[in-house]
Amino acid sequence: MTTTGQTGQTEQSAEFKQPVTVIGLGNLGLALADAFLAQGHPTTVWNRTPAKADGLVARGAVPAATPAEAVAASELVIVAVLDQATAHDILLPTAAALTGRTLVNLTSSTPQPARELAAWAAEQGAAYVVGAVYAVPQTIGTPEAFVLYSGDQNAFETHRDQLDLLGASGFVGTDAGVAPVYDMAVLSGMYGMFAGFFQAMALGRSERIRAADVTDRLVPWLKAAADALPGFAREIDSGDYATVTSSLGMNAVGLRNILSATESQGLGTALLSPLQALFDDQVAQGHGAASLSRAVESLQPRS
C-alpha cells in the first residue's frame, strides 16, 4: 500500500507477515513451507539433509544451519518429521531458544508421546500445539486439506491465521494427546474401508471380474452406506442400541455367508473374520436384536 504525506513524500508500507520456521523437509514439510512462502511469510527452514531446502531457498526461504538457529528465527515454529522420537532428538538441543516460542508439531504421534513432548516444551517456556494433518502434501494450502489441533488454545488462536493457510483448522481440546487420538480414530476408519475394498477386489478377481468394474458398483454403495454412520454414532454415544432395521443377528448371518462364499472361492478371510467375531460375541451375549453399532462394545475392556 502506498500513502502520500502533506510534504508530497511517498511512504512505502507493507502488510506485516509473521515469520515462520519449518523444521523437517520431507514431502509434508516441503508443502508446509511452500504454503507459507506463497502467502509472503518470511520462512526459515531446516532439514538434516540441507540440499532438500534448495528449491525453497530459490523461492525465498532462509536456510538455518542448526535447529536452534531455526527456532530462534521465528516465534511460530512448525515441526514435521518422521516420528516423535525424531522430533524429540531434533528439538532437545534447541531448549535454550524455545522460550517464548509457539511450537506446532505436525509429526504423526500417539497420545502419550505427544503429552510427554508437550510437558517438555512447557518446561522450556514454549507454548505447544499438536496437529493431525488430513491431506496429501499436494493439497496443503487448498480447501481439500484440514488439520485438527490440540494443546495450548491461546497459542492456537494467536497463530490461527497462519495455520489456516495450511488447511481448515479445528481445535479439539487442551490435552495435547487429543489430536493424535482423533488422528488414529479417523485413519482406523480409512484402513477399515481399505480392508473391505481389498476383500471385494479379491472376490471379483476370483471370477475374472475386473477390479475397475467392481469398484464402479462399490463406490456408490459405500457412499450410501456412509450415511448410516452419524446414526450409529448417536447410538454409541447414548448407549441406546434399539433398532428395527440393521440388527446384529441379521448381520452376523449375512457376514458369515460372505465369509463362507469367500472360502469356497479359495480366498482368505483374514480381513473380515475379526468383524464376524465381534458380531458373534454380541449375539452370544444376547444382543442379536440390537443395532449393528453395538459391535463396538465387544472392543471395550472386559471387567
Side-chain angles (χ1 to χ4, degrees), residues 18-33 35-36 41 43-48 64 66-135 137 140 145-160 162-187:
Q18 181 185 34
V20 179
T21 286
V22 176
I23 292 177
L25 298 177
N27 290 340
L28 176 59
L30 286 170
L32 300 174
F36 289 123
H41 286 269
T43 304
T44 298
V45 295
W46 180 88
N47 193 68
R48 279 177 169 168
T66 66
E69 182 180 312
V71 168
S74 312
E75 180 183 338
L76 177 60
V77 179
I78 311 289
V79 179
V81 293
L82 180 63
D83 53 34
Q84 289 298 311
T86 302
H88 180 269
D89 291 346
I90 289 171
L91 291 171
L92 195 60
T94 75
L98 280 171
T99 302
R101 300 293 189 265
T102 292
L103 197 57
V104 178
N105 192 354
L106 300 183
T107 304
S108 294
S109 178
T110 54
Q112 193 54 35
R115 293 176 178 126
E116 291 170 357
L117 198 51
W120 176 84
E123 291 172 359
Q124 316 315 313
Y128 190 80
V129 179
V130 179
V133 179
Y134 300 92
I140 292 293
F146 69 98
V147 187
L148 298 182
Y149 297 93
S150 63
D152 190 312
Q153 188 168 8
N154 289 334
F156 168 76
E157 296 295 347
T158 297
H159 298 288
R160 182 163 193 167
Q162 289 73 47
L163 298 177
D164 279 343
L165 298 177
L166 308 178
S169 300
F171 189 80
V172 293
T174 55
D175 177 351
V178 172
V181 173
Y182 268 93
D183 195 30
M184 292 185 297
V186 171
L187 294 181

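For clarity, every value in this text was computed on a predicted model and none was experimentally measured.
- Under the 3.5 Å distance criterion, the side-chain polar atoms of Arg101 are left unmatched by any main-chain donor or acceptor of Val77.
- Across all non-hydrogen atoms, the minimal contact from Asp175 to Gly177 is OD1-N, 2.8 Å.
- Annotation: side chain of Asp152 is not in contact with side chain of Tyr128 (no heavy-atom distance under 4.5 Å).
- A donor-acceptor distance shorter than 3.5 angstrom exists from the side chain of Tyr134 to the backbone of Asp183, with no hydrogens or angles considered.
- In this structure, Phe171 and Gln153 have side chains that are in contact, with non-hydrogen atoms separated by less than 4.5 Å.
- Applying the side-chain hydrogen bond (donor to acceptor under 3.5 Å, both in side chains) criterion to Thr102, with sequence neighbours excluded, gives His159.
- In this structure, the separation between CG on Leu92 and CD on Gln124 is 8.0 Å, given to the nearest 0.5 Å.
- In this structure the side chain of Val79 never reaches within 4.5 angstrom of the side chain of Ile90, judged on heavy atoms.
- Smallest separation of non-hydrogen atoms from Pro180 and Ser150: CD-OG, 4.3 Å.
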Discussion item. side-chain hydrogen bond (donor to acceptor under 3.5 Å, both in side chains), that's the test. Do Asp83 and Thr86 meet it? Break it down for me.
Written reply: CA-CA 5 Å; Asp83 53 34; Thr86 302; 2.7 Å; yes

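- Closest approach of Ser108 to Gln84, counting heavy atoms only: O-NE2, 3.6 Å.
- The environment of Tyr182 atom OH is sparse: at most 12 non-hydrogen atoms of other residues, nucleotides or ligands sit within 6.0 angstrom.
- Contact between Ser74 and Thr21 at its shortest, heavy atoms only, is OG-OG1, 2.8 Å.
- Taken to the nearest 0.5 Å, the OG1 atom of Thr44 stands 10.0 Å off from the CD1 atom of Ile23.
- Distance alone, capped at 3.5 Å, places no donor-acceptor pair between the Thr94 side chain and the Ala97 backbone.
- When the salt bridge (charged side-chain N to carboxylate O under 4.0 Å, His left out) test is applied to Asp164, the partners found at least two apart in sequence or on another chain are Arg160.
- Distance check, rounded to the nearest 0.5 Å: CD of Glu75 to OG1 of Thr158 gives 7.5 Å.
- Residue Leu32 holds its CG atom at 10.5 Å from OG1 of Thr43, rounded to the nearest 0.5 Å.
- Between Val104 and the choices Leu166, Val147, Leu76, the side-chain contact (heavy atoms from CB on, under 4.5 Å) rule is met once, by Leu76.
- Taking NE2 of His88 as the start and OG1 of Thr107 as the end, the distance is 13.0 Å to the nearest 0.5 Å.
- Between Val130 and Val178 there is no side-chain heavy-atom pair separated by less than 4.5 Å.
- Taken to the nearest 0.5 Å, the CZ atom of Phe36 stands 8.5 Å off from the CD atom of Gln18.
- Between Gly24 and Val22, the shortest heavy-atom contact is O-CG1, 3.8 Å.
- Under the ring-ring contact (aromatic ring centres under 6.0 Å, His included) criterion, Tyr149 pairs with Phe156, sequence neighbours left out.
- Heavy atoms only, all atoms of each residue included: Pro19 and Ala73 are closest at CB-O, 4.2 Å.
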